[in-house]
Amino acid sequence: MPAVCLIASPETWIEGEALRQLEQTAALPGMRAAVGLPDLHPGKGYPIGAAFLAELVYPALVGNDIGCGMALWQTDQPTHKFKPERAAARLTGLEGPWDGDLEHWRRAQGLASTAFDSALGTIGGGNHFAEVQAVEEILDSDTFAALELDKDRLLLLIHSGSRGLGESVLRAVIDTQGHRGLEPDSAPARAYLKQHDQALHWADANRRLIATRLLDALSLEAERRLDVWHNLVQPVDWAGERLWLHRKGAAPADRGPIVIPGSRGTLSYLVQPGTNNDVSLRSLAHGAGRKWKRGEARGRLSARQRPEDLKKTALGGQVICEDKELLYDEAPEAYKGVDRVVADLVDAGLCRIIATLRPVLTYKVRLPAHKQPGVRKPKRGRR
DNA sequence: ATGTGC
């Protein structure tokens with residue numbers, strides 16, 4: 001069994017189930033190294049917040065949301081002029097298909113048509129979000145300036161992925177190959193990797209269109225400063241050997257600065273990865289990491305917090321989320337403390353903090369049409 | 001995570 005490395009201080013909460021998953025995954029055939037990052041938590045069979053180096057390609061390790069990641073945009077909006085309530089009122093209809101010229105836009109992005117075209121520009125559910133943020137504190141002004149960031153302008157952080165496309169890519173390979181590792185040069189691996197790469201590109205474009213839609217709705221201009229995948233597999237040169245690096249909820253430490261978001265009720269961190277992060281498989285935490293399982297938060301919180309209470313955060317931010325279950329599931333209490341998670345990375349010498357970012361307005365989801373009061377789904381199969 | 005299910 002290869003070395004299993006856990007990057008976390010004793011104060012960081014790591015669930016036993018997550019550690020079991022990390023060890024079990026590390027014991028798979030062809031596995032060369034496994035790393036749990038401080039946001040490690042249990043997933044469906046495989047842990048989230050982890051990186052794996054292997055001789056084989058394991059589609060199941062990447063999971064269904066291939067290409068999920070974070071994009072950061074610098075807007076032209078002066079922070080002190082922003083009116084969250086007014087902005088919130090303008091952010092509607094982002095769950096449905098974009099009303100622009102989607103086909104023209106898709107071609108311009110170099111994206112092939114898929115069955116999921118109409119999902120382009122949609123955030124999705126779970127932990128996905130679009131968040132307007134203010135710069136809280138700058139700790140490394142040179143790197144901050146080199147990124148062409150301005151402390152007095154609002155930022156837009158997008159967390160989303162490949163929606164139904166990635167799910168269909170994973171399902172297709174699992175249906176024929178199961179969860180086994182694929183020989184990199186085999187036909188199934190080649191077919192998967194081709195679709196995987198397409199899903200990466202699709203997810204990147206999706207985040208771009210999500211940003212465009214929000215910015216248009218708010219009449220803002222912005223420029224993209226970074227876009228970083230945290231669910232992917234890629235070939236790497238490892239001490240002269242060609243191996244496959246799987247990241248499942250693990251941000252790359254070899255693609256420049258990244259944002260490690262906290263929850264909507266805490267600061268997020270803009271960090272500069274160090275220059276030699278091989279010990280963590282060239283990876284960093286991708287967020288705070290869940291502390292409570294999905295579906296657990298409502299029972300724990302509903303006695304002390306009403307849904308309305310959850311729409312204002314401890315830092316004064318506003319939350320747009322009309323799905324009650326999701327409102328609880330994504331409550332700040334459901335997450336580990338991002339301060340501790342980032343401190344673990346810094347203490348391990350893996351990155352340094354460039355700046356902290358404060359959530360101002362977090363967009364999760366408006367009520368889907370079929371859940372709106374008085375709206376019923378049309379019956380099917382009758383005329 | 002997911003056109004999530006009848």
Side-chain angles (χ1 to χ4, degrees), chain A residues 18 21 25 39-50 58-71 93-98 102 113-130 158-175 179 192 195-196 198-200 202-204 206-207 209-210 229-233 246-251 261 263 286-290 292-297 321-330 334-335 363-372 375-382:
Chain A
Q21 289 183 345
T25 307
D39 58 335
L40 187 78
H41 60 281
K44 199 184 153 197
Y46 310 97
I48 300 160
Y58 281 94
L61 283 190
V62 178
N64 62 310
D65 198 3
I66 303 162
C68 189
M70 300 282 170
L94 296 170
E95 288 70 30
W98 182 46
L102 187 70
S113 180
T114 72
F116 303 93
D117 288 356
S118 63
L120 273 166
T122 62
I123 297 168
N127 57 359
H128 291 167
F129 62 80
I158 310 286
H159 178 208
S160 187
S162 54
R163 312 287 280 111
L165 177 63
E167 203 273 338
S168 76
V169 170
L170 177 66
R171 185 158 25 83
V173 67
I174 295 295
D175 280 353
H179 284 229
Y192 167 73
Q195 295 176 71
H196 162 280
Q198 186 186 17
L200 292 188
W202 197 101
D204 178 306
N206 186 38
R207 288 185 288 273
L209 187 52
I210 291 166
W229 298 300
H230 54 228
N231 288 350
L232 75 160
V233 58
H246 302 71
R247 293 193 179 101
K248 173 60 177 173
S263 68
H286 81 311
R290 291 198 77 85
W292 298 343
K293 289 187 192 62
R294 289 215 167 89
E296 221 175 71
C321 181
E322 295 172 7
D323 180 325
K324 277 184 192 157
E325 192 70 25
L326 188 59
L327 206 44
Y328 280 106
D329 260 346
E330 294 296 313
Y335 282 85
Y363 190 103
K364 293 292 287 181
V365 68
R366 294 285 187 190
L367 217 48
H370 71 271
K371 282 193 177 176
Q372 281 168 25
V375 178
R376 287 191 185 182
K377 251 180 162 174
K379 298 225 173 178
R380 298 182 54 159
R382 295 185 191 184

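The nearest whole Å value for the distance from the CZ atom in A:R163 to the P atom in B:dT4 is 11 Å. Computed from coordinates, the A:N231 CG to B:dA1 P distance equals 9 Å when rounded to whole Å. What separates CD1 of A:I48 from C1' of B:dT2 is a distance of 14 Å, to the nearest Å. The CZ atom of A:F129 sits 11 Å away from the P atom of B:dA1 (whole-angstrom rounding). Atom P of nucleotide B:dT2 and atom CD of A:E167 are separated by 9 Å, given to the nearest angstrom. Rounded to whole Å, atom P of B:dA1 lies 16 Å from atom CG of A:L232. One atom, CD1 of A:I123, and another, P of B:dT2, lie 11 Å apart when rounded to the nearest Å. Atom pair A:E330:CD and B:dA1:P shows a separation of 7 Å (rounding to whole Å applied).
Interface remark: the A:N64 side chain does form a donor-acceptor pair with the B:dA1 base, using a distance-only criterion of under 3.5 Å.
Shown here are the side chain to side chain contact (heavy atoms under 4.5 Å, CB included) partners of A:A199, two or more places apart in sequence or in another chain: A:I66, A:S162, A:L165. Residues meeting the salt bridge (Lys or Arg N to Asp or Glu O under 4.0 Å) test with A:E95, sequence neighbours left out: none.
The aromatic rings of A:H41 and A:H286 sit parallel, their planes meeting at an angle under 30°, below the 60° perpendicular limit. Using cut-offs of 30° and 60° on the angle between ring planes, the pair A:Y46 and A:H179 is parallel.
Residue contacts for A:G125: at a heavy-atom cut-off of 4.0 Å it reaches the sugar-phosphate backbone alone, with no base atom in range. Counting any heavy atom pair closer than 4.0 Å across all strands shown, A:A115 reaches a base atom. No engagement by A:G63 is indicated, since no non-hydrogen atom pair under 4.0 Å with the nucleic acid exists.
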